[in-house]
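See structure below.
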Amino acid sequence: MGFRVSMLWWVLLGLLVHLESNGSFGCLEAERNALLLLKAAFNHPDGSALPSWNGEHSECCNWERVICENTSTNAKRITQLLLNNTRDFQLAIADWSLNTSYLLPFQQLQLLDLSWNYMTGFVGVIISEKLQILRLNGNKLTQVPSFGALPSLKVLDLSFTGLTNFRFLSELSTMTKLEVLDLGNNLLTGTLSDAIGNLTFLKALSLSANNLVGSLASEGNLCKLKSLQELDLSRNQFLGNLPSCLINLTSLRVFDIANNGFEGIFPSLLLSSLKSLAYISLSYNYFHGSFPFASLTNHSNLEVFDLLSSNSRLKVETETLPFIPPFQLKVFRLSNCIVNEPTKVIPSFLLYQSELRIVDLSYNSITAKFPQFLLKNNTRLEYLSLSNNFFTGPFELNSTLKYPHMNFLDISHNPIKGKVPSCIGSVLPNLRIMNMSKAELQGVIPSSMGDMGLLMLLDFSANNFSGELPEELVMGGNSLEFLKLSNNHLNGTISSAKSNLGALKILRLDNNHFTGSISTVFFNSSPLTVLDLSNNDLNGNLPTWIGNFQRLSSLVLSRNSLQGPLPLDFCKLNRLTYIDLSKNHLNGTLPSCFDMKSLRYLHLQGNQFSGPIPYVLTNSSVLLTLDLMNNKFSGEIPSWIGSFAKLRVLLLKGNTLQGPIPVDICQLKRISILDLSHNNLSGGIPSCLNVVSPGLLEPLDGAILGEYFIMVPVKFTRLSFQSLIYLYDGINMQVLVSDEEQEVEFMSKSRFESYKGNILYYMSGIDLSCNMFTGSIPPQIGYLSSIHTLNLSNNQLSGSIPETFSNLRQIESLDLSYNRLNGRIPPQLVELYSLSVFFVVHNNLSGSTPERKFQFATFGQSSYEGNPFLCGPPLERSCISDGEASRTMKASDGKRDEFISTFFWSFGASFVVAFLGVIAFLHFNFDSRKFYIRKQPTTQPNQAHIRSNFLCLVAYQSPFPSLLASSSLSAQFRFRKICDREGEKMSGGGTQKSLRKALGALKDTATVSLAKVNNDYKELDIAIVKATNHVERPAKERHIRAVYSAISATRPRADVAYCIHALARRLSKTHNWAVALKTLIVIHRALREVDPTFHEEFINYGKTRSHMLNMAHFKDDSSPNAWDYSAWIRAYALFLEERLECFRVLKYDVEIDRPRTKDLDTAELLEQLPALQQLLFRVLNCQPHGAAVNNIVIHLALSMVALESIKIYQAINDGTVNMIDKFFEMQRHDAMKALEIYRRAGQQAERLSEFYEMCRNLDIGRGEKFLKIEQPPASFLQAMEEYVKEAPRVSTVRKDQAVDNKSSPPKEVLSIEYKKSPEAKEERPESPAPPPAPEPVKVEAPAAQPPPDLLNLDDTVPAASELEEKNALALAIVPVVMADQPTPAVTNQANGTTGWELALVTSPSSNESATAASKLAGGLDKLTLDSLYDDAIRRRNQNVSYNPWEPAPAGALMPQTMHDPFYASNAMAAPPSVQMAAMSNQQQAFMLQQQQQQMMMMGHQQPSVNPFGNPYGATVYPYGSGMPVQAYNNPYKGFI
């Protein structure tokens, strides 16, 4: 019995083994075989994926990527196949399709993931009754498979599959169980398909990152999906408003419409109604209106709020209704919005948030203290961006806390000030990106930053950091890829003996004070691509280790003291695209191994390279800029120079090149700037230069800027709920890490300037000056229609000026001086409306100067002098006598009738239409008919007068003005002159003018009517039209105030942009001088009175469009007077354009803000002073001529220009004093620039006196007496020139160095006083007695104080002749009498030499023991220079005004010494040896001093009213934040 039982168990065991082998307790044989077939398909032809799938008898449920589950029959069946990313990447290039028959055995399959396998499609139809999730994303499907045999499908992922249409949606509409559909990141185009509305059972839909367009408001298909919980429409091109019916999607929790073009009123009601929202992303759209954040009070599930506006017009209010939020945000991004206007406080609800991971409040103009609570309350914060706001310090960190999750911190562009916390490295140990640039920080860089081992990007640029580079940072920055410490005050050596910056890619330490030999600088950073150490004090030879950085693409070492030749290791840098070694002491030539095929920019300016231009440059065929200026290159310009087909800038100035210009240079088809000046070139100018055709650089061609970006992924903690569709859990930050701007120095408009960045897009010119060119000027040069500057001066050119020069329509500067040109100046040149600088001095020109109109009305005698046979204004020589003029007039009158008759019959047919129109107008308009009859003269004119008047009337108002314009200029002028005469004979000169006024009024009325159609900005449009109407008198103030109220700081920035666009449109379309001038006045006043952001918007408008102030071609030829008005308008527009350029350079408005030039360093001075001088040059060109002298509207604009000239000149004064203070410490190239600035200041001072004299004569500002500014002493100019010759390449003498003066005489304290002359002993005329004080009048409010008299125009001073005599005396420097020292003599009476001149030219007669080491250029010594610094500090503390017209303060015994740009020269003390030599005259100097004090006490002056005070009365921004519009006393209110 037992044996039978035992046998039974063995039989049962065998049965179990058999059943297991057939799949009852393991995978089925059919499923195993199907898996092996799938493996073969994925690995075809030679892949190696799925290595565990092997063996015929192994358990397949244990294979990788296979999941089995027990079924109801207790059998294991495969339910999930996770085959994503299975096919080898090497097989991606081969197209393959999957046979669906391999999937048939998997009858229990519920999840199939085939994503990212590079499939192109399927063979057959996928059949599976139980499949619920199908992922095909990341494949290259050429055809969408059929899904009709998948009745249980719930999730379908077709993202990243290259879909192009919605045709497959019709099949999905029958799948009632489908809940999730992901179509993101495809190529879907067109509008949203109507079939979307049939998928009413969907819970999640993603259409992100496609090319869908159109408006959702007109479709409403999405509104049918009422079960929808997640909707992602981001990164498309949808436009218009959001459909209001979306409010019905009450189950929606994810709403992402970022990166589209949605506009209109912000959907506040929509968001407040969808209370289930947990994820809101609305960034990068164009919504406007207002969004009260309190509307989200009931959104307790909200975790993500993402709103980065694209147009800065959206107002976000968080403080109107205080609330405690029921939600805890993880992500809060609110950027580029108008937050809490006008208080601009930080949202207070953030105080209650403690789960924040990402916070972005950038570009909101928030004004508050640094929000320490964000760090204190949110210890898991990972991303914090507060850039471009107005947060103030201090920036503090709690040293006891740590933020291990923080990896991004950006507080740049805020006035934080203060110091960086010393514990920052320990508090933020895992920080990866830190940007604190332009935050006004100071102190030293904390050494704890060396503890940030994960730091990738560090930007501390444009602050006030000092001290040395922390060694801990250099040693601990092993992850650092970008380090930017530019524009600080860091010093010391760049010690790198223990450097651990192995990952560094970009290093920028420029514009600091690092010293030492560059040969000791070494960073073991083989990935380095950008190295910028420019503008430091590094010296020594270029090291050989430079060749180790073979990935280097940008090398900038300019403005140092490097010397020696380029090392051979330099040739290893074959990836370089940008090299700037300019302004060093390098010599030799380029190595013969120089083979840089990628090089685009080469700057070697200001070195000592010699020999011929290196032939090795031909290897760099893609060069865009070749700058070899101011070296010692010799020989001829090689013919291979024409092989640089892409060359934009060629600068060979200041070498010793000789020979002719090769014809091959004409092959440079894309050249924009060509400078061959200051060489020894000879021969003729190639006539083929017109083929070069210099012009503007093409936009976005990369020829100017080289920008380097890095993408930094920033992850944050996932959301608390599981999203049905893919939501990216981080931010890709694109960080600008380097902006290498092309910089070019070029002579333009008679000044040598450095042009950098975008300005080069607008520069083009040729400079061949200071050579030995002979022959005539090729007429072909006149066809360079887009050139801006042409300088052919200082050559030996002969012949006449080509008439083709009239084709240079864009020319701004034309210099033909110092040649041998003859003949007359082509009269056609007056049509060059852009010309602002014109010189033909010292030639042999003859005949009459061009007619003084348009731009030529602004050129004075200095443009024509040195031509003895040239006549006509502005020269004093008259061209014809009175008799000849009379005969000429008679001949002109004799031809009048013939001219009129010919013109009449030629154009009669065209004028009939206009005549009939006028008749019809007068007939049907009763009021106009009465007006016309009332204006008729009582006398009957003859038929000739009627015909002439009819001809002129129709010609002026003809609809065919081009017919008249097509005739010659002289014919036009003669015709208009005749018409004026006939008009006077006909009706006293009033009919045509009245008709023009009537037509102008009609145009204004029509424009106002059209503006009323504009619903958004109709009030602004109407105000602009009324403020710039055709009425020839100043505009009414209420219209101007209406314009400014619409663009105040309280208004959206879009309103400002629209206003600028409207003004530009008004300015570009008008040909009427009154409209143009009044538009410019509106712009000028806006720049002065409106919020400072108006400047930025105005400049940004010019960047994206043609500049609206370019009025070079403007002219109103309706009358001869209008021509004069047009010329002044063009000069006025140039002034406004230069004003904006000066604002861009100075970064502040010199008229509104306090001048800062007295505190600038040398580099900033040499950059800002030329900009100010150019602005003053534009002021001086605003002198009216002809009929413009008596125009009341021009007077109004001129008064504002004159007012601004005071602040401009004051800034130049302060800057020049500061520059002179630093002059004897400057390097040679800086000293040369300073000397040129000083000379120009003297020239402009004289012209400014003439300008104010003109203003006084025109009663501009009620001027009566103007002080004349004198020229600098010639002796000081000579001292400056001598210093320039002897100046070192690197300044070795500083004012704070210790001086060994044991053998020097005792230091004397010096003061400055006016030198007396014999005429000074005469009594000054008595000042007129002041008028009796009026009776006091009771008023309710105190009257506004009059503006200060900056010009002393109302001052009771002596006669102008006496002032001129007194001011003409030089300033003398005398020691102040000390208690124990005698007073040295001031003047050598024997020969009249001043003590100052003795200091410059007289050898010391005593104290031979003075050491030569203490001497400076010009005979000055260290003690004298130190006394000058002490005296300057004392005078600065006295609060001395540098305004030469400001009266002395009340109660002063002595009037203030007038300060001008040459103040520093007068303040220079003589050497002690010279002072000791003049001791014999001390008694006489003392008497002179006593006399001067007595006379000054008699000259007490009364305060006066500033005649150039602001005519509008506002000294602050009347349209700024929270400021009401202020009224003003209009001097022309009687005319309004």
Next on the checklist: A side-chain contact here means heavy atoms from C-beta on lying under 4.5 Å apart; do C1142 and L1172 qualify?
Outcome noted: yes
Next on the checklist: Is it true that, when you exclude Y363 itself, more than 12 heavy atoms of the residues, nucleotides or ligands shown sit nearer than 6.0 Å to its OH?
Outcome noted: no
Checklist entry - Can you tell if the side chain of L314 reaches within under 4.5 Å of the side chain of I338, non-hydrogen atoms only? => result no
Checklist entry - Within a strict 4.5 Å, meaning less than it, do heavy atoms of the F1177 and L1134 side chains meet? => result no
Checklist entry - Where is the tightest heavy-atom contact between V1201 and Y1132, given as atom of each residue plus distance? => result CG2-CE1, 3.8 Å
Checklist outcome for this item: Value for CG (L307) from OG (S283), rounded to nearest 0.5 Å, stands at 6.0 Å
Next on the checklist: Please check this pair: side chain of S1199 against backbone of L1196, looking for a donor-acceptor N/O pair closer than 3.5 Å.
Outcome noted: yes
Checklist entry - Does one side chain, of N236 or S234, offer a donor that lies under 3.5 Å from an acceptor on the other? => result no
Next on the checklist: Under the criterion side chain to side chain contact (heavy atoms under 4.5 Å, CB included), I'd like the reasoning laid out for L212 against F238: C-alpha separation, chi angles, the key distance, then a yes or no.
Outcome noted: CA-CA 6 Å; L212 299 174; F238 290 117; 3.5 Å; yes
Next on the checklist: Tell me the closest heavy-atom pair linking F391 and N414, and the distance in Å.
Outcome noted: N-OD1, 3.1 Å
Checklist entry - Any sub-3.5 Å donor-acceptor pair from N388's side-chain atoms to S362's backbone N or O? => result no
Next on the checklist: Looking at every non-hydrogen atom in both residues, tell me the closest pair between I247 and L270 and how far apart they are.
Outcome noted: N-CD1, 3.5 Å
Checklist entry - Can we say R1139 and D1149 salt-bridge, meaning some charged N sits less than 4.0 Å from an Asp/Glu carboxylate O? => result yes
Item to check | Spacing of S310 atom OG and N285 atom CG [to the nearest 0.5 Å] | outcome: 6.5 Å
Checklist entry - Excluding sequence neighbours, so at least two apart, what forms side-chain contact (heavy atoms from CB on, under 4.5 Å) with T343? => result N340, V345
Checklist entry - Under the side chain to side chain contact (heavy atoms under 4.5 Å, CB included) criterion, do K344 and V339 qualify, and how do the steps go? => result CA-CA 6 Å; K344 298 182 179 181; V339 178; over 6 Å; no
Checklist entry - With a 4.5 Å limit on heavy-atom distance, are the side chains of W1073 and I1129 in contact? => result yes
Item to check | Least distance between heavy atoms, N311 atom then Y286 atom | outcome: ND2-O, 3.3 Å
Checklist entry - With distance as the sole test, does T858 use its side chain to make a donor-acceptor pair with the main-chain N or O of Q855 at under 3.5 Å? => result yes
Next on the checklist: Using only atom types and a distance under 3.5 Å, with no angle test, would you say the side chain of D1124 pairs donor to acceptor with the backbone of A1188?
Outcome noted: no
Checklist entry - So which heavy atom on N364 is nearest to which on S335, and how close? => result OD1-C, 3.5 Å
Checklist entry - Could you go step by step and tell me if L271 and S295 meet the side chain to side chain contact (heavy atoms under 4.5 Å, CB included) rule? => result CA-CA 8 Å; L271 296 183; S295 60; 5.6 Å; no
Next on the checklist: Given Y284, which partner from the list N336, I257, N259 fulfils the side chain to side chain contact (heavy atoms under 4.5 Å, CB included) test?
Outcome noted: N259
Item to check | Of D1116, N1072, I1194, the residue whose pairing with Y1125 passes side chain to side chain contact (heavy atoms under 4.5 Å, CB included) | outcome: I1194
Checklist outcome for this item: Distance col, row N1121:CG vs N1190:CG, nearest 0.5 angstrom, shows 9.5 Å
Item to check | Main-chain N/O of A1086 paired with Y1044 side-chain donor or acceptor, under 3.5 Å | outcome: yes
Next on the checklist: So, using salt bridge (charged side-chain N to carboxylate O under 4.0 Å, His left out) as the criterion, who are the partners of R1130 when residues are at least two apart?
Outcome noted: none
Item to check | E1138 bridged to R1144 by N-O distance under 4.0 Å | outcome: no
Next on the checklist: Quick check against the 3.5 Å criterion: does T1070 have a side-chain atom that pairs as donor or acceptor with the backbone of L1067?
Outcome noted: no
Checklist entry - For the side chain of N1181 and the backbone of V1179, is there at least one donor-acceptor N/O pair under 3.5 Å apart? => result no
Checklist entry - Is any side-chain heavy atom of H1039 closer than 4.5 Å to a side-chain heavy atom of I1024? => result no
Next on the checklist: Rounded to the nearest 0.5 Å, what separates atom OG in S385 from atom CZ in R333?
Outcome noted: 8.5 Å
Checklist entry - Does a sphere of radius 6.0 Å around NZ in K1069 hold more than 12 heavy atoms from other residues, nucleotides or ligands, not counting ones at 6.0 Å or beyond? => result no
Checklist entry - Could you go step by step and tell me if K1026 and K1036 meet the side chain to side chain contact (heavy atoms under 4.5 Å, CB included) rule? => result CA-CA 8 Å; K1026 291 184 177 180; K1036 295 183 179 180; over 6 Å; no
Next on the checklist: Testing the basics here: between S836 and R1178, what is the closest heavy-atom pair and its distance to 0.1 Å?
Outcome noted: CB-NH1, 3.2 Å
Checklist entry - Looking at CZ of R1154 and NZ of K1207, how far apart are the two atoms once the value is rounded to the nearest 0.5 Å? => result 11.5 Å
Item to check | Distance-only side-chain donor-acceptor flag, E317 / S290, under 3.5 Å | outcome: no
Checklist entry - Heavy atoms, side chains only, cut-off 4.5 Å: are L1258 and P1184 in contact? => result yes
Item to check | Side-chain (E341) to main-chain (K315) donor-acceptor, under 3.5 angstrom | outcome: no
Next on the checklist: With a 3.5 Å distance limit and no angle check, can you tell me whether N260 reaches the backbone of F262 through a side-chain donor-acceptor pair?
Outcome noted: no
Checklist entry - Can the ring centroids of H1084 and F1135 be said to lie less than 6.0 angstrom from one another? => result yes
Checklist entry - Does atom OH of Y1148 have more than 12 heavy-atom neighbours from other groups under 6.0 Å away? => result yes
Item to check | Residue pair S1119 / W1123, side-chain heavy-atom distance below 4.5 Å | outcome: no
Checklist entry - So F266 and F287, would you call those rings parallel, tilted or perpendicular, with 30° and 60° as cut-offs? => result perpendicular
Checklist entry - Does N1029 reach the main-chain N or O of V1031 with its side chain, forming a donor-acceptor pair under 3.5 Å? => result yes
Checklist entry - Is the gap between the ring centers of F293 and F349 under 6.0 Å? => result yes
Checklist entry - Out of curiosity, R1066 CZ to D1021 CG, how far, rounded to the nearest 0.5 Å? => result 10.0 Å
Checklist entry - Between E812 and S834, is any pair of side-chain heavy atoms under 4.5 Å apart? => result yes
